Amino acid sequence: MDSVKASYGQVVLVDDGGFFPEDDLHQDLSWFLMDAMKLLGTDAVGCSEKELRFGLGYLKAQVKRTQLPIVCANLYEKKTGKLVLAPYVLKQVGTVKVGIFGLMSDKMPLGPAGDSLRVEEPTAAARRTVAELHKKGATVVVLLSQLGKTESEDLVTAVDGVDAVIVGHGVPLLQKGRMIKNTVACYGGEQGQYVGRTVISLDDRRRMTTGDNETFILGPEIPDRKDIASLVKGFEDSFNEKLHKLEKERAAKEAQKATSGATERYLGKDVCARCHASEAAQWQGTAHARAFEALRSTTPQQLAKMNELLKTSVVTPEKDAACLRCHVLGSGQAGGFQDSASTPMLASVQCESCHGMGTQHDAFTNTPRKVTEQTCRICHTPATSPGFDFALFEPHVAHKSAAARNPLPDSPMKKARAGK
């Protein structure tokens, strides 16, 4: 935008609309994008049914708050018969008076406010609006169309006086625009990844003689503008924090739901340590205590080697059920580990991994449960721990064992994690 304004003297900046997100979770993106367009100095913004996604009241409130010029010449309130938004913007740009109006489709559902709204047939609305803009002195008329490719092209073929049309609503990206009768058309694609530059040549009466359009991708070679970058970062930080909070709340509810009907559950190392302090302290020096962190810190290279050894296709170890089964307490079980946000106390290989659920403590104190090779083999299988030797490894995890303070010999899996 800045480079175009530096190269040309008479410039308007428009957005075709259709930018509201389609799900409730990302609703904040709607007002953020409006703030960003306002900061950019956008002269006019179109409107589609997407902007009604959260209700008419929400849209009106954001327009009032930002004073962003969102236009639509064919969206009416049924009860009052009045236009919902301003039909157009009439702007003096240097020596040219430019009229910019918007149209939306009359074939799309209108969201929560659909029963109270109606959409006028676009061609009739276009003829009326173009005539009004010309009457008010506009010598260049721009249409922000949310009618799709075919209907937009048909409309400007049928309606005289539209000098440029920005074609929106599921349109393909065309790097070079095209002339449709006397109208230059811009096809900028979707998702805001491209900016179209439409150049209109004027005669002495400030009316269009020729038009040309080209679309540019917003790639990394285009530097950030500091004020926009700051706005983006501030929004992303607050939005990510909100998403994290929502995910934590969701995970907690899921964990509570999973454990609500379970009479038996895992208690976690901190409960065990209340009575078994020396054993808990000794456990802290073992690899078992860092089992979950080992998943989270796996590099892509290490992961590739582990997948090769195990003949699997794990992508994210800390979220993979097969990996979690042996790196946390009770993964996938009622009363067990759900995720690191809601059940962090059950991460890694802990007391109950070998000795049984804490809620069953009374049962196995009367009949001491000996940790045998079979206990270890639940996780240390020939596939996951090739070369595992119980007699060699057991002293390194046994309580009150000097060997537990010494490093374990390298196993093939350990070598894979080390990148050897």
Side-chain angles (χ1 to χ4, degrees), residues 1-19 33-48 51 59-60 62-75 83-104 122 125-146 152 155-156 159-168 177 182-186 188 192 195-213 225 227-228:
M1 178 202 71
D2 289 336
S3 64
V4 169
K5 285 187 174 181
S7 302
Y8 299 88
Q10 303 178 130
V11 179
V12 292
L13 174 64
V14 298
D15 186 282
D16 206 26
F19 59 90
L33 288 169
M34 292 178 73
D35 285 349
M37 285 190 277
K38 183 69 175 179
L39 183 58
L40 283 167
T42 309
D43 294 299
V45 181
C47 182
S48 75
E51 278 66 58
L59 174 61
K60 282 188 169 183
Q62 295 306 319
V63 171
K64 182 178 180 180
R65 180 185 66 83
T66 61
Q67 294 299 298
L68 189 70
I70 297 185
V71 295
C72 186
N74 65 334
L75 179 64
L83 284 165
V84 170
L85 300 164
Y88 54 78
V89 167
L90 191 60
K91 187 176 182 69
Q92 185 72 38
V93 185
T95 62
V96 187
K97 186 170 282 190
V98 181
I100 310 164
F101 73 106
L103 291 174
M104 64 188 300
R127 287 198 175 99
R128 183 187 67 253
T129 306
V130 170
E132 186 173 340
L133 287 170
H134 284 158
K135 186 176 181 180
K136 290 188 175 182
T139 57
V140 172
V141 173
V142 179
L143 167 60
L144 306 179
S145 173
Q146 281 291 332
S152 296
L155 185 142
V156 297
V159 178
D160 292 330
V162 177
D163 300 298
V165 57
I166 314 301
V167 185
N182 298 316
T183 305
V184 58
C186 170
V195 164
R197 181 190 64 193
T198 301
V199 179
I200 294 176
S201 300
L202 307 174
D203 62 16
D204 292 341
R205 296 186 302 160
R206 323 316 290 159
R207 298 185 182 278
M208 183 175 108
T209 56
T210 62
D212 181 72
N213 169 263
R225 209 174 86 174
D227 54 348
I228 301 298

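Numbering starts at 1 and runs along the sequence shown. In this text the structure is predicted, and so the values were computed from the model without any measurement.
Under a 3.5 Å cut-off, the side chain of Gln92 and the backbone N or O of Gly94 do form a donor-acceptor pair. Of the possible donor and acceptor atoms, none in the side chain of Asn74 sits under 3.5 Å from a partner among the backbone N and O of Leu103. Distance alone, capped at 3.5 Å, places no donor-acceptor pair between the Gln62 side chain and the Met34 backbone. At least one donor-acceptor pair closer than 3.5 Å links the side chain of Thr139 to the backbone N or O of Arg206. With Asp16 contributing its side chain and Ser145 its backbone, the two residues share a donor-acceptor pair below 3.5 Å. Under a 3.5 Å cut-off, the side chain of Ser48 and the backbone N or O of Gly17 do not form any donor-acceptor pair. Side chain of Lys91 to backbone of Asp43: no donor-acceptor contact under 3.5 angstrom is found.
Among all heavy-atom pairs drawn from Cys47 and Cys72, the shortest one is CB-CB, 4.1 Å. For the residue pair Ala73 and Phe101, the shortest heavy atom distance occurs at CB-CD1, 4.3 Å. The two residues Leu155 and Ala126 make their nearest non-hydrogen contact at CD2-CB, 3.9 Å. Nearest heavy atom pair, residue Asn182 against residue Met208, reads O-CE, 3.2 Å. Shown here for Gly46 and Ile70, the closest heavy-atom pair between the two residues is O-CG2, 3.8 Å. The minimum heavy-atom distance linking Ala36 with Ile228 is given by the pair O-CD1, 4.4 Å.
Looking only at side-chain heavy atoms (C-beta outward), Val142 and Val98 come within less than 4.5 Å of each other. Taking 4.5 Å as the limit, every side-chain heavy atom of Val141 sits out of range of all side-chain heavy atoms of Tyr88. The shortest side-chain heavy-atom distance between Val63 and Leu68 does not fall under the 4.5 Å cut-off. Side-chain contact between Leu144 and Val71 is present, with heavy atoms from C-beta onward closer than 4.5 Å. Residues Arg207 and Val140 form no side-chain contact, since every pair of their non-hydrogen atoms from C-beta on lies 4.5 Å or further apart. Within the 4.5 Å cutoff, the side chain of Arg225 has heavy atoms near those of the Met1 side chain. With contacts defined as side-chain heavy-atom distances shorter than 4.5 Å, the pair Leu39/Asp227 qualifies. Contact of the Thr209 side chain with the Leu202 side chain is not registered, since no non-hydrogen atoms from C-beta on lie closer than 4.5 Å.
Between Leu133 atom CG and Lys97 atom NZ the span is 10.5 Å, to the nearest 0.5 Å. Between the CG atom of Leu40 and the CG atom of Asp35 there is a distance of 11.0 Å, given to the nearest 0.5 Å.
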Are Lys136 and Glu132 close enough, and set up right, to give a salt bridge (charged side-chain N to carboxylate O under 4.0 Å, His left out), and what steps lead you there? CA-CA 6 Å; Lys136 290 188 175 182; Glu132 186 173 340; 3.6 Å; yes
Could you go through Val84 and Lys60, starting from their C-alpha distance and side-chain angles, then the distance that decides it, and tell me whether this counts as side-chain contact (heavy atoms from CB on, under 4.5 Å)? CA-CA 8 Å; Val84 170; Lys60 282 188 169 183; 4.1 Å; yes
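In the model, Thr198 has a side-chain atom that pairs as donor or acceptor with a side-chain atom of Asn213 under 3.5 Å.
A salt bridge is defined here as a Lys NZ or Arg NE, NH1 or NH2 lying under 4.0 Å from an Asp or Glu carboxylate O, and Asp160 with Arg127 fails to meet this definition.
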Do any side-chain atoms of residues 6-14 form donor-acceptor pairs under 3.5 angstrom with protein atoms, and if so which ones, sequence neighbours left out?
{"from": "Ser7", "atom 1": "OG", "to": "Ser3", "atom 2": "O", "distance (Å)": "2.9"}
{"from": "Gln10", "atom 1": "OE1", "to": "Thr95", "atom 2": "N", "distance (Å)": "2.7"}
{"from": "Gln10", "atom 1": "OE1", "to": "Thr95", "atom 2": "OG1", "distance (Å)": "2.8"}

